[in-house]
Enquirer: 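Structure in structure tokens, see below.
Keep in mind that this is a model prediction, so the values were computed, not measured. Ligands are counted one by one from 1 in listed order, and the atoms in each one are counted from 1 as well.
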Amino acid sequence: MKALLLAGGLGTRLRPLTERLPKPMAPVVNRPWLEHLILHLKSQGISEFVIAVKHNADIIRKHFEDGCKFGVRIEYSQEPELLGTAGAIKHAEQLLTDRFIVVNADIINHVELLPLLEFHQTNGALVTIGLTEVEDPSHYGVVQQTMSGRIIRFVEKPPRHAAPSNRINAGIYVMEKEALKWIPAGREVSIERETFPTLIRKGFPVYGWLVRGYWLDMGTLDRYLALHRDVLDGKCALQPSYPAQKEGIWTGEDIDISDDVTLVPPVVIGNGVKVGRGCVVGPYTVLGDKVTVEPGSSCSHSVVLPGARLEGNRTISNAIVGPDFSVEVQSPVYEAKKKVVHR
Ligand code: GDD
Ligand code: MG
């Protein structure tokens with residue numbers, strides 16, 4: 001069985017991070033999220049992937065190539081223009097198996113595939129949608145289910161008062177290839193706004209299964225920052241890929257940190273990082289590979305992307321910093337507002 005990863009979107013809510021990077025390639029504790037996702041699905045028994053790409057596709061292709069170096073096989077389905085979430089699946093039809101898995105590649109969840117597949121099989125479902133529960137479902141696809149888990153209504157991003165429940169589409173589906181008959185070819189089609197409602201209206205067996213554990217859509221700046229906080233708090237099954245030097249301090253190789261620097265855990269320091277005299281780094285801070293922090297600066301509750309340079313004598317807090325931008329987010333909570341964008 002193959003997994004199709006939807007990774008072609010523009011990632012507008014994660015700009016400026018996604019101006020040069022496809023959203024799923026945004027690093028999560030210094031490793032592209034898509035890599036974490038593929039390795040997790042591999043651990044669940046999936047060895048063949050199709051990645052549906054469009055925006056900045058070359059970066060994904062160059063990183064993964066044919067998947068060999070990650071111990072999996074990867075093919076690409078390149079859309080001529082953005083075809084929407086169902087259009088992208090239809091476009092990949094020739095590459096898919098009779099039963100396949102679809103994952104929105106910006107979703108952080110360590111889904112357990114076996115119980116999901118068993119549930120799908122037992123119910124003879126055409127589609128099984130992984131679900132999760134959130135407090136405010138208005139940013140997501142919301143479902144109404146029967147006691148047996150069958151979905152009788154799917155409504156995408158309803159106003160909060162009109163949401164039929166707080167169970168939402170977690171962005172993970174098991175699908176039978178027959179379902180693709182109901183997706184028109186050659187035009188933009190949204191699985192959430194068009195395909196799921198059509199299948200449900202026609203009486204096809206569409207089921208919903210609650211995924212376990214940590215779940216987050218990392219597609220906004222504030223959620224991206226909140227995700228790092230959660231990872232460093234150990235709320236999510238993701239670990240920095242470096243050894244922990246001390247409790248809550250992870251450091252990569254070839255680092256150059258002045259003796260008088262204060263590292264406040266939790267903090268992750270990538271490979272080749274330089275931190276100058278008198279700096280304070282942390283808590284809740286991730287410095288990407290080859291980041292430079294010039295003397296006298298402090299940086300907390302922030303993610304600094306590979307290659308970025310923090311000028312000396314500055315205080316950075318609740319920020320995402322790239323080589324050519326710095327975005328301050330009011331506070332690392334989900335609904336925080338973007339405050340300043342320096343370009
Ligand atoms: N190839 C391709 N082509 N990929 C696409 C396209 C497209 O036209 N449009 C979106 N994608 C990819 C995005 O890159 C992303 O990884 C995934 O599909 C979902 O798109 P988002 O733009 O992130 O959607 P969303 O977060 O607003 O809503 C979706 O995810 C929610 C869960 O986080 C919906 O599926 C909701 O129903 C769901 O609750
Ligand atoms: Mg999303």
Enquirer: Whether the N169 and Y140 side chains hold a donor-acceptor pair (N or O, under 3.5 Å, no angle test) is what I'd like checked.
Expert: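 No - no donor-acceptor pair under 3.5 Å links their side chains.
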Enquirer: Is it the side chain (CB and beyond), the backbone, both or neither of E79 that lies under 4.0 Å from ligand 1, heavy atoms counted?
Expert: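 The answer is the side chain.
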Enquirer: For V280, give me all partners under side chain to side chain contact (heavy atoms under 4.5 Å, CB included), at least two apart in sequence or on another chain.
Expert: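 T262, V264, S298.
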Enquirer: Does anything in residues 259-277 pair up under salt bridge (charged side-chain N to carboxylate O under 4.0 Å, His left out), and if so which pairs, sequence neighbours excluded?
Expert: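 Found D260-R277.
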Enquirer: For Q144 and S165, test the side chains for any donor-to-acceptor distance below 3.5 angstrom and give the result as yes or no.
Expert: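 Judged by distance alone, the side chains do not pair up.
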Enquirer: Is any side-chain heavy atom of L5 less than 4.5 Å from a side-chain heavy atom of L34?
Expert: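 Yes, side chains in contact.
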Enquirer: With a 6.0 Å cut-off (strictly less than), is the heavy-atom count around CZ of R187, excluding the residue itself, greater than 12?
Expert: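 Above 12, so yes.
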Enquirer: Do E112 and R212 come close enough that some side-chain heavy atom pair is under 4.5 Å?
Expert: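 The answer is yes, as the side chains (C-beta and beyond) meet within the 4.5 Å cut-off.
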Enquirer: Quick one: nearest non-hydrogen protein atom to atom 30 (O) of ligand 1, plus distance?
Expert: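 Going by distance alone, atom 30 (O) of ligand 1 is nearest to N104 ND2, 3.1 Å.
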Enquirer: Report yes or no: do R150 and Q145 form a side-chain donor-acceptor pair below 3.5 Å?
Expert: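 R150 vs Q145: no donor-acceptor pair found between side chains.
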Enquirer: Hydrogens and angles aside, do E192 and T85 bring a side-chain donor and acceptor to less than 3.5 Å of each other?
Expert: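 Yes.
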Enquirer: When you look for heavy atoms under 4.0 Å from ligand 1, do you find them on the side chain of K54, its backbone, both, or neither?
Expert: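 None of K54 does.
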Enquirer: Heavy-atom contacts with A88 under 4.0 Å: which atoms of ligand 1 show up? List them by number with element.
Expert: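 With A88 as reference, the close atoms of ligand 1 come out as 1 (N), 2 (C), 3 (N).
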Enquirer: Considering only protein heavy atoms, which is closest to atom 32 (C) of ligand 1, and at what distance to one decimal place?
Expert: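 Nearest neighbour among protein heavy atoms for atom 32 (C) of ligand 1, to 0.1 Å: N169 O, 3.4 Å.
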Enquirer: N/O to N/O below 3.5 Å, does that happen between K157 and ligand 1?
Expert: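 The answer is yes, given that K157 and ligand 1 share an N or O pair closer than 3.5 Å.
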Enquirer: Just to confirm my output: which protein heavy-atom neighbour is closest to atom 16 (O) of ligand 1, and how far is it?
Expert: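 Nearest protein contact, heavy atoms only, for atom 16 (O) of ligand 1 is L6 O, 2.8 Å.
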Enquirer: Got an N/O contact under 3.5 Å between G141 and ligand 1?
Expert: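 For ligand 1, there is an N or O atom that lies under 3.5 Å from one belonging to G141.
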Enquirer: Looking at atom 8 (O) of ligand 1, what's its closest protein heavy atom, distance included?
Expert: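 For atom 8 (O) of ligand 1, the nearest protein heavy atom is G84 N, 2.7 Å.
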Enquirer: I need the contact type for A7 against ligand 1. Using non-hydrogen atoms and a strict under-4.0 Å cut-off, is it side chain, backbone, both or neither?
Expert: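 Backbone only; the side chain of A7 stays clear of ligand 1.
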Enquirer: Is it the case that ligand 1 has an N or O less than 3.5 angstrom from some N or O of L82?
Expert: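 In this structure, L82 places no N or O atom under 3.5 Å from an N or O of ligand 1.
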Enquirer: Would you say A52 and ligand 1 have an N/O pair spaced under 3.5 Å apart?
Expert: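 By distance alone, the answer is yes.
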Enquirer: Under the rule for side chain to side chain contact (heavy atoms under 4.5 Å, CB included), what residues qualify as partners of I46, not counting sequence neighbours?
Expert: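 M1, A3, L41, F49, I101, L113.
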Enquirer: Suppose we measure from atom 26 (O) of ligand 1 to each protein heavy atom; which comes out shortest, and what is that distance?
Expert: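 Ranking protein heavy atoms by distance from atom 26 (O) of ligand 1, first comes D217 OD2, 2.7 Å.
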Enquirer: At what distance is the nearest protein heavy atom to atom 24 (O) of ligand 1, and which residue and atom is it?
Expert: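 Sorting protein heavy atoms by distance from atom 24 (O) of ligand 1 puts R13 NH2, 4.0 Å first.
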Enquirer: Just let me know how W33 lines up against ligand 1, side chain, backbone, both or neither, with a heavy-atom cut-off below 4.0 Å.
Expert: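 Under 4.0 Å from ligand 1, W33 contributes no heavy atoms.
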Enquirer: Counting heavy atoms not belonging to K62, are there more than 12 under 6.0 Å from its NZ?
Expert: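 Result for NZ/K62: open.
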Enquirer: Find all atoms of ligand 1 within a distance of less than 4.0 Å from any non-hydrogen atom belonging to L83, and give their numbers and elements.
Expert: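 Per the distance check, 8 (O).
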Enquirer: Going by heavy-atom distance to atom 23 (O) of ligand 1, choose the closest among V142, L5, D106, N109.
Expert: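 It is D106 whose heavy atom sits nearest to atom 23 (O) of ligand 1.
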Enquirer: If you take all heavy atoms of G276 and C279, which pair is closest and at what distance?
Expert: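 Between these two residues, the closest heavy atoms are O-SG, 3.3 Å.
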Enquirer: Give a yes or no on whether K235 atom NZ has more than 12 heavy-atom contacts from other residues, nucleotides or ligands under 6.0 Å away.
Expert: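 No, because the 6.0 Å sphere around NZ of K235 holds 12 heavy atoms or fewer from other groups.
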Enquirer: Once you restrict to heavy atoms under 4.0 Å, what part of F196 touches ligand 1? Side chain, backbone, both or neither.
Expert: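 Neither; no heavy atom under 4.0 Å.
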Enquirer: Is there at least one pair of N or O atoms, one from G8 and one from ligand 1, spaced under 3.5 Å apart?
Expert: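 For ligand 1, there is an N or O atom that lies under 3.5 Å from one belonging to G8.
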Enquirer: Distances under 2.8 Å only: what protein N/O/S atoms are near the Mg ion (ligand 2), ordered by chain and residue?
Expert: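 Listed by chain and number, the atoms are D106 OD2, D217 OD2.
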Enquirer: Considering the heavy atoms of Y173, write down every atom of ligand 1 situated less than 4.0 Å from one of them.
Expert: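 Heavy-atom distances to Y173 below 4.0 Å select 35 (O).
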Enquirer: For ligand 1, is there an N or O atom under 3.5 Å from any N or O atom of T85?
Expert: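 Such a contact does not occur with ligand 1.
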Enquirer: Could you tell me whether some N/O pair between G9 and ligand 1 is separated by less than 3.5 angstrom?
Expert: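 It does: an N or O of G9 is found under 3.5 Å from an N or O of ligand 1.
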Enquirer: Between Y173 and H120, is the ring centre distance below 6.0 Å?
Expert: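 Ring-ring flag for Y173/H120: false, centres at least 6.0 Å apart.
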Enquirer: Is the closest N or O pair between E192 and ligand 1 shorter than 3.5 Å?
Expert: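 Yes - when backbone and side-chain N and O of E192 are compared with those of ligand 1, one distance drops under 3.5 Å.
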Enquirer: Heavy-atom distances under 4.0 Å are what count here, so tell me which part of M218 touches ligand 1: side chain, backbone, both or neither.
Expert: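 Near ligand 1, M218 shows nothing, with every heavy atom at 4.0 Å or more.
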Enquirer: Does the protein place a non-hydrogen atom closer than 4.0 angstrom to atom 20 (O) of ligand 1?
Expert: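 Looking at atom 20 (O) of ligand 1, one finds that no protein heavy atom lies closer than 4.0 Å.
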Enquirer: Heavy-atom distances under 4.0 Å are what count here, so tell me which part of E156 touches ligand 1: side chain, backbone, both or neither.
Expert: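 The part of E156 near ligand 1 is the side chain, not the backbone.
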Enquirer: Can you find an N/O atom of W215 closer than 3.5 Å to an N/O atom of ligand 1?
Expert: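 Such a contact does not occur with ligand 1.
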Enquirer: Quick one: look at I107 and ligand 1, take heavy-atom pairs under 4.0 Å, and tell me if it's side chain, backbone, both or neither.
Expert: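 The part of I107 near ligand 1 is the side chain, not the backbone.
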